[in-house]
Each structure stands twice: as structure tokens, then as C-alpha cells.
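Counting convention: from 1, in listed order, for ligands and their atoms alike.
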Amino acid sequence: MDLEEPASHGDESYEPTSPWWLSGTPLEAEHHRLMRRRSVPIPWAQTTAAALTAAERARLAGTWMRRSEAEYLAVSTFAVLAIDLVAAMAPADVLSLCLRAGIDEVRHAEMCLRMAQIYSGEQKLPAPAMSSLPDDPQRPKLHQALANTMLVSCVSETYATTVLSETRDLTVDPVAQAVLTSIYSDEVMHARLGWSYLRHSIEHGGQGVIDAAAEMLPRALRGVANVVERERPVGEVTSAVRDHGLMTPAEERVIFSSCVREVLVPGFAALGIPVGSALTDYGDTWAHAA
Ligand SMILES: [Fe+2]
Ligand SMILES: [Fe+2]
């Protein structure tokens with residue numbers, strides 16, 4: 001996959017994504033400059049939402065609103081992680097990518113909000129939310145930064161890339177397709193940030209880092225599993241709803257389980273981090289429990 005910075009697009013291909021969420025001040029111009037920097041054009045006018053039933057639109061509006069809230073929460077997650085990384089004297093490239101990830105999450109939240117508006121007709125804002133990452137002032141700064149990087153980036157963002165990739169594959173609506181593709185390409189980099197920092201930390205911090213990572217692993221997996229297990233907005237996932245980028249909770253369980261087995265456990269094991277009971281905790285029994 002090409003992870004290079006996309007070529008910048010002219011002004012004619014950019015429009016404010018969710019203008020009802022902006023300040024109404026001159027800051028808006030700078031905001032648009034930041035948002036445009038990594039954006040691929042979204043063909044907003046090509047939505048096929050009009051062909052859906054009211055129930056299908058409500059189901060999709062509910063899910064895209066949830067997605068907007070999750071992306072909004074991720075803004076604060078990367079802000080808190082950036083503080084941990086600064087405290088741990090993380091390398092400059094790790095710092096800049098972490099801070100940029102926060103900006104990406106603002107853009108994701110805006111796009112999901114606009115998707116919700118497309119289905120509901122309502123210009124809402126995400127519910128207020130602040131991420132709270134584990135914070136233990138007694139432990140070495142490197143261990144704190146590393147543990148939270150594992151939670152946020154290695155586990156959460158890696159799972160996001162697998163579920164986004166599979167969701168995108170079943171999506172037919174061109175707008176939902178473009179939004180999921182755009183978010184996916186950023187989340188790949190958000191995951192790579194964590195795996196790279198993990199490797200760097202092990203090289204420099206030795207066994208203490210490995211122990212801190214091993215201790216965090218079950219907690220990080222549980223944190224993401226909680227999100228997968230969460231109840232969904234009311235409404236049937238019809239085939240038309242699937243065309244607009246939505247899977248069933250049962251399918252997402254299977255994806256998380258295979259992500260643990262095929263990506264996360266091999267990745268941590270390759271770095272020498274003990275994975276404990278991860279494979280059995282999220283094996284076939286968990287995958288098919290819904
Ligand atoms: Fe995101
Ligand atoms: Fe992300």
C-alpha cells in the first residue's frame with residue numbers, strides 16, 4: 001500500500017466537511033489547510049442514501065454517529081499519548097506522528113459526522129468525551145509511554161485497520177467507500193507508529209520494557225474487546241445497510257478474534273513479548289459467543 005503523502009488537491013476538490021462544527025472565526029481557513037493536507041476527495045454528492053428505507057437510514061445514522069464519537073475520543077487519546085511520549089523523551093519522528101494522528105482523528109470525526117448527517121438530515125455534534133489512559137506516576141516514563149502506546153496504537157489502531165479493511169470490502173455506496181478508505185489509510189500509519197515505537201523501546205529499554213508490555217497486553221486486548229462486545233444502535237443490518245459500510249456484531253467478533261490470532265499475537269511474539277492466554281481468551285469460543 002502507498003503510504004506516501006498524497007499529492008495536494010486543488011481548492012476545487014475540497015469543501016468543508018462538517019461546517020456546522022466550526023468556530024465561525026478566521027481560524028477556519030487554517031483548519032481547512034490542515035484538513036486538506038492529507039485528504040483524498042470524497043464524492044459527497046454521489047451518496048445513494050435516498051434509495052434506503054427510513055429504518056435503514058436511521059440504523060446507518062446511528063452507527064456513523066457512534067463512529068464520529070469514537071473518532072472524537074481518539075483526538076484526546078492521541079493528545080494524552082503525546083504527553084506520555086514527550087515525558088519519555090520519545091524520538092522526534094514518534095512525537096510528530098503522534099501529534100499528526102490527533103489531527104487525523106479530527107478529520108475522521110468530521111467525516112463520520114457528515115455521514116451521520118447524510119442519513120439523518122440532522123447537523124449534530126459528537127457527544128462530549130475524554131479519553132483516560134492508565135497513569136501511574138511511580139513507574140518509569142518509558143514504561144508508561146510504552147504501555148499506553150500498546151493500548152492505543154498497537155492493539156486498538158491495528159484492530160481498526162483490520163475491521164475497516166473488511167468493512168470497506170463489502171461497501172458499495174461510493175461515499176461510504178471513499179470515507180472508509182480515507183480513514184483506513186490514516187489508521188495504518190497510526191498502527192505503524194506504535195509498532196515502530198515498541199521496537200525502538202525494546203532496543204533501548206531492554207527487559208523492563210518487555211515486562212511492561214506483557215503486563216499491558218491483556219488490558220489492551222480487553223479494552224478493544226469491550227468495544228466489539230458493546231451493543232449496537234437499534235435496527236436490522238439489511239443488505240442495503242451493508243452496502244453503506246456496516247457489518248453485524250457477530251462478524252466483528254470473528255474479525256477481532258482473527259486479528260488477535262493472525263496479527264497481534266504473532267507481532268508481539270516476534271518482539272519477544274509474552275502473550276499469555278490471548279489466543280484462548282479470544283479464540284473460537286469468544287468469536288462465536290454473540
Ligand atoms: Fe480514526
Ligand atoms: Fe486512528
Side-chain angles (χ1 to χ4, degrees), residues 1 3 5-6 17-18 21 31 34-40 42 63-85 90 93-117 125-133 145 148-168 171 175-198 220-221 223-228 230 245-247 252 255-256 259 263-264 267:
M1 186 191 348
L3 294 175
E5 197 81 17
T17 302
S18 51
W21 195 15
H31 173 75
L34 276 172
M35 296 299 115
R36 201 162 43 222
R37 197 170 54 82
R38 276 174 65 74
S39 94
V40 288
I42 308 292
T63 289
W64 283 100
M65 200 61 208
R66 288 256 186 111
R67 288 176 180 168
S68 175
E69 288 165 0
E71 301 288 359
Y72 181 62
L73 190 64
V75 178
S76 66
T77 304
F78 278 106
V80 174
L81 182 61
I83 293 172
D84 284 338
L85 290 168
D93 49 348
V94 176
L95 296 179
S96 65
L97 283 171
C98 179
L99 289 162
R100 191 177 77 180
I103 294 177
D104 293 338
E105 304 299 2
V106 175
R107 199 164 63 77
H108 299 174
E110 275 204 282
M111 287 195 290
C112 292
L113 205 59
R114 173 121 172 213
M115 290 301 283
Q117 186 262 346
L125 302 183
M130 273 290 291
S131 181
S132 70
L133 294 177
N148 283 337
T149 299
M150 278 192 57
L151 169 65
V152 169
S153 177
C154 299
V155 174
S156 185
E157 293 281 353
T158 300
Y159 171 65
T161 63
T162 59
V163 75
L164 275 166
S165 158
E166 302 231 7
T167 306
R168 190 185 57 159
T171 303
V175 178
Q177 249 275 346
V179 167
L180 291 169
T181 301
S182 175
I183 294 177
Y184 168 79
S185 64
D186 290 336
E187 311 297 27
V188 169
M189 186 54 82
H190 299 176
R192 180 176 291 181
L193 160 74
W195 290 101
S196 300
Y197 183 60
L198 184 55
L221 292 173
V224 178
N226 285 343
V227 176
V228 179
R230 207 178 144 196
L246 214 153
M247 280 191 202
E252 288 182 17
I255 292 170
F256 181 67
C259 178
V263 184
L264 296 175

Q) Do Arg192's NZ or CZ and the ring of Trp195 fall within the cation-pi criteria of under 6.0 Å and 45°? A)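 Not flagged: Arg192 not positioned over aromatic ring of Trp195.
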
N/O/S atom of [X] under 2.8 Å from the Fe ion (ligand 2), yes or no?
X: His108; result: no
X: Asp186; result: no
X: Glu157; result: yes

Q) Looking at His190, which of its N, O or S atoms is the nearest one to the Fe ion (ligand 2)? A)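 Restricting His190 to its N, O and S atoms, the minimum distance to the Fe ion (ligand 2) goes to ND1.
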
Q. Rounded to 10°, how many degrees is the angle OE1/Glu105-the Fe ion (ligand 1)-OE2/Glu187?
A.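 Reported to 10°, the angle equals 140°.
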
Main-chain N/O of [Y] paired with [X] side-chain donor or acceptor, under 3.5 Å:
X: Gln177; Y: Arg168; value: yes
X: Ser68; Y: Ala109; value: yes
X: Ser182; Y: Ala178; value: no

(Q) I'd like to know: is the Fe ion (ligand 1) within the 2.8 Å range of an N/O/S atom from Glu71, strictly under that distance? (A)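 True for Glu71.
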
Q. Just wondering, do Glu157 and Leu193 contact through their side chains at under 4.5 Å, heavy atoms?
A.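 Heavy-atom side-chain distance check fails, nothing below 4.5 Å.
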
